[in-house]
Amino acid sequence: MAVPRTVVKRSVVVGYTCLPTFFHIGTFWLQKLITNNEQQRVIDELQALIDDTQSTLTRFEDTGMDELMPEDYNKLLEMLDNAIKQQREHTLAMLAHANL
């Protein structure tokens, strides 16, 4: 079975189109598909996304845009939350794989 490569862009994880559903199945299957090096690369890219999003949120708050554009501000919060959750899942999968 060919394993698709996960490509992380600043706003989207591409490669595993059913990634959120996949995580509900559990990290056991994820650790079988992705090597630790690939896990670390995804974790690092997600950290860059988290940092960029936090910086943008700070700029929104400093300029009052969080009140002027509440929908956009909430979307940024959702994006940050999703990135943190994905990063946690990849970290747990990598740690589980290391304990095998």
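Quick caveat: nothing in here was measured; it's all calculated off a predicted structure. Heavy atoms only: backbone and side chains are in, while hydrogens, waters and symmetry mates are out.
Here the CD atom belonging to E89 is positioned 10.0 Å from the CD atom belonging to Q39, to the nearest 0.5 angstrom.
Residue Q87 is tested with V42, D44, L46 for a side-chain contact (heavy atoms from CB on, under 4.5 Å); the sole match is L46.
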Distance-only donor-acceptor pairs under 3.5 Å for side chains of residues 69-84, two or more places apart:
| residue | atom | partner | partner atom | Å |
| --- | --- | --- | --- | --- |
| Y73 | OH | E61 | OE2 | 2.4 |
| N74 | ND2 | P70 | O | 3.2 |
| D81 | OD2 | K85 | NZ | 3.0 |
| N82 | ND2 | E78 | O | 3.3 |

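Two residues are said to be in side-chain contact when any heavy atoms from C-beta on lie closer than 4.5 Å; E45 and L49 fail this criterion. Using a 4.5 Å heavy-atom cutoff, the side chains of I43 and Q40 are in contact.
Taking the side chain to side chain contact (heavy atoms under 4.5 Å, CB included) definition, one finds that R59 meets it with S55, T56, sequence neighbours left out.
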